[in-house]
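Below is one structure; the comments refer to it alone.
Side chains included, hydrogens not; waters and symmetry mates left out as well; all remaining heavy atoms used. FYI, the numbering just counts along the sequence from 1.
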Amino acid sequence: LETKKQWSAITDICQKIDIDLRIGKFNKESWKSDYFGILNGKSERNLAPILTTVNLKSIWENYKSINQDSANPVTIKTTWHLIDQRISIIENTDSSLLELENIEEFINILKSKYALTTVIVDLVIINAAINLAIKQKKITHNPLSVILSAMQKTRVKKKVKAYSVEEAKQIIECFYNCNYPIKSGQGTLKDGTQRTYYFRNSKGIALHYAPLIEFRFLTGCRPSEAFALTWEDIITVGTRSYIRFNKVYRRDCLLEGTKNGVETRLFPINNQLKELLDRIPKNPNKSNLIFTHHSNNYYCQERSQGSPNNIFKSVVEGLVKDGLVSQYLPFYNERHTFGTHLVRSGKVDLKTASQIMGNSPEVLMKNYLAPNHDIDLPELF
């Protein structure tokens, strides 16, 4: 190659080919035309102008191609997949919004469609992709970093909240004996009024969910871990029995390992948990799952009306309305409740509690341990 410009061009083409090979977009029938503009053995353009367009999409594809072998599979299947979708939607709407100089407009579109916390999660990863492109000398600056920093500073950190012991007992009992109507959906009538629809067999649905709700209060496990459990995960080591958490089920995908990358976490089974496991009916299903959707398959955690999130919300909101529970906290907060009361019991040290939950002590303290507002302060002096 005669010039640095041509050398840069051919390097960009090779990187583009590498990315397309990794993501399955390489077309072996038209690669000469796609990358070099060669038709019928003749080049229709000079090498110098053939430069890969450097915008958010190409920067993101470059980041994925380099990190896909080392990234957490759950992150790839969830967060990366969602970023793919969002970039594709914006590209189809107005591709110019993917140019780096239009980053603020790109962010504004995301903010108009999604919650701020969701947008920040996406932007943190996109920011890492841009910084990688700078290291590779594809671009010279990062217009996102300052904007992202300001967004993170203005974000209001949610307070860690947990149900009280009595509230947890009320919720568990209600699922076994529920008389509250459970929402199945909402619709708009011809006159514009909103109508709420309910399941016909609310009590039966609540009863089906009851073991799952009780299990999560007693273990604090993540929903995705509970959905993946099989009866083979109830194991005995020596004289002790354990629950083995070593996989997750999220977004219709079963993945090995836990959310934070730990291969296996053993959870000790006490008498209370053993009594629950003995009560759970072993319904035949092809995956031998402990907890199944009413379709006898994996649970779906997403925000559909029939998801555990919304079933849980319907029941707890009924308890709140009747004054039996002080406030509604999401389905996931069963994890906060377990962690909080495990530490408050004074029977388990912080290091052991964090290991049982599958977090570091720092993460447990920061994200799962709720303050005790009902404490009777001791007389110290």
Side-chain angles (χ1 to χ4, degrees), residues 115 117-118 156-187 194-227 229 249-250 272-273 275-276 279-280 290-294 298-345 357 367-374:
T117 52
T118 299
V156 178
K157 176 66 176 178
K158 289 184 179 180
K159 294 181 180 179
V160 180
K161 296 181 180 180
Y163 291 106
S164 70
V165 172
E166 288 305 316
E167 287 175 331
K169 290 180 179 179
Q170 284 280 3
I171 293 170
I172 293 171
E173 182 181 350
C174 186
F175 267 90
Y176 282 105
N177 306 286
C178 183
N179 291 314
Y180 295 116
I182 297 178
K183 297 176 183 177
S184 62
Q186 288 184 318
Q194 294 288 320
R195 179 176 178 180
T196 301
Y197 299 92
Y198 298 90
F199 288 105
R200 291 182 178 180
N201 184 23
S202 291
K203 188 168 184 176
I205 291 173
L207 183 60
H208 179 82
Y209 276 77
L212 172 66
I213 302 304
E214 185 177 2
F215 179 84
R216 289 201 60 240
F217 271 126
L218 294 180
T219 64
C221 71
R222 301 174 180 92
S224 58
E225 294 173 339
F227 300 156
L229 277 178
Y249 184 79
R250 295 183 66 187
Q272 190 178 20
L273 191 51
E275 190 271 334
L276 168 61
R279 279 192 283 111
I280 298 175
I290 296 178
F291 304 106
T292 61
H293 186 260
H294 60 260
Y298 285 101
Y299 270 109
C300 176
Q301 190 184 351
E302 310 314 320
R303 300 290 177 178
S304 64
Q305 291 298 326
S307 71
N309 298 289
N310 287 292
I311 301 296
F312 186 81
K313 184 176 182 180
S314 287
V315 173
V316 175
E317 284 183 340
L319 289 167
V320 172
K321 185 177 179 180
D322 287 347
L324 299 172
V325 172
S326 61
Q327 62 180 322
Y328 162 73
L329 300 175
F331 177 57
Y332 195 86
N333 281 49
E334 287 191 73
R335 181 167 171 80
H336 302 66
T337 302
F338 171 81
T340 294
H341 295 295
L342 181 66
V343 174
R344 284 187 196 171
S345 72
M357 290 190 67
N367 296 329
Y368 295 109
L369 189 56
N372 186 358
H373 297 294
D374 299 322

#### Entry: With sequence neighbours excluded, residues passing ring pair (Phe, Tyr, Trp, His ring centres under 6.0 Å) with Phe312
Phe331
### Query
Is any side-chain N of the basic residue among Arg279 and Glu214 closer than 4.0 Å to the acidic one's carboxylate O?
yes
### Task
Check the pair His336 / Lys161 against side-chain contact (heavy atoms from CB on, under 4.5 Å), numbers first and verdict last.
CA-CA 7 Å; His336 302 66; Lys161 296 181 180 180; over 6 Å; no
To the nearest 0.5 angstrom, please state how far the [atom1] atom of [X] sits from the [atom2] atom of [Y].
{"X": "Ile311", "Y": "Phe199", "atom1": "CD1", "atom2": "CZ", "answer": "5.0 Å"}
{"X": "Ile213", "Y": "Cys178", "atom1": "CD1", "atom2": "SG", "answer": "11.0 Å"}
{"X": "Leu229", "Y": "Thr292", "atom1": "CG", "atom2": "OG1", "answer": "12.5 Å"}
{"X": "Met357", "Y": "Cys221", "atom1": "CE", "atom2": "SG", "answer": "9.5 Å"}
{"X": "Asn333", "Y": "Phe217", "atom1": "CG", "atom2": "CZ", "answer": "9.0 Å"}
{"X": "Gln170", "Y": "Ser164", "atom1": "CD", "atom2": "OG", "answer": "9.0 Å"}

### Query
Which residue pairs pass the salt bridge (charged side-chain N to carboxylate O under 4.0 Å, His left out) test with at least one member in residues 323-334, sequence neighbours excluded?
Arg216-Glu334
### Task
Mind running side-chain contact (heavy atoms from CB on, under 4.5 Å) on Val315 and Tyr209 for me, showing each step along the way?
CA-CA 11 Å; Val315 173; Tyr209 276 77; over 6 Å; no
Taking side chain to side chain contact (heavy atoms under 4.5 Å, CB included) as the definition, give me every residue that meets it alongside [X], ordered by chain and number, with sequence neighbours left out.
{"X": "Lys203", "value": "Asn179"}
{"X": "Leu342", "value": "Phe338, Val348, Ala353"}
{"X": "Arg195", "value": "Leu189, Tyr197"}

### Task
Taking the side chain as every heavy atom from C-beta outward, state whether Phe175 and Leu207 have any pair of such atoms under 4.5 Å apart.
no
### Task
Please examine the side chains of Pro308 and Tyr332, heavy atoms only from C-beta on, and report whether any two atoms are closer than 4.5 Å.
no
### Message
If you apply the rule side-chain contact (heavy atoms from CB on, under 4.5 Å), what do you find for Lys183 with Asn310, and how did you get there?
### Response
CA-CA 8 Å; Lys183 297 176 183 177; Asn310 287 292; over 6 Å; no
### Check: Ser202 side chain, Ile182 main-chain N or O, donor-acceptor pair, under 3.5 Å
yes
### Task
Check for a donor-acceptor pair, side chain of Thr337 on one end and backbone N or O of Ala168 on the other, with a separation under 3.5 Å.
no
Enumerate, atom names and distances included, each donor-acceptor pair closer than 3.5 Å involving a side-chain atom of residues 317-327, sequence neighbours excluded.
{"unit_1": "Asp322", "atom_1": "OD2", "unit_2": "Tyr180", "atom_2": "OH", "d": "2.7"}
{"unit_1": "Ser326", "atom_1": "OG", "unit_2": "Glu167", "atom_2": "OE2", "d": "2.8"}

### Query
If you look at every heavy atom in Leu369 and Val343, which pair is closest and at what distance?
CD1-CB, 3.9 Å
### Summary
Tightest non-hydrogen contact, residues Leu329 and Tyr163, listed as O-OH, 2.6 Å
### Audit row: Phe227, Leu212, side-chain contact (heavy atoms from CB on, under 4.5 Å) steps and yes/no
CA-CA 9 Å; Phe227 300 156; Leu212 172 66; 3.9 Å; yes
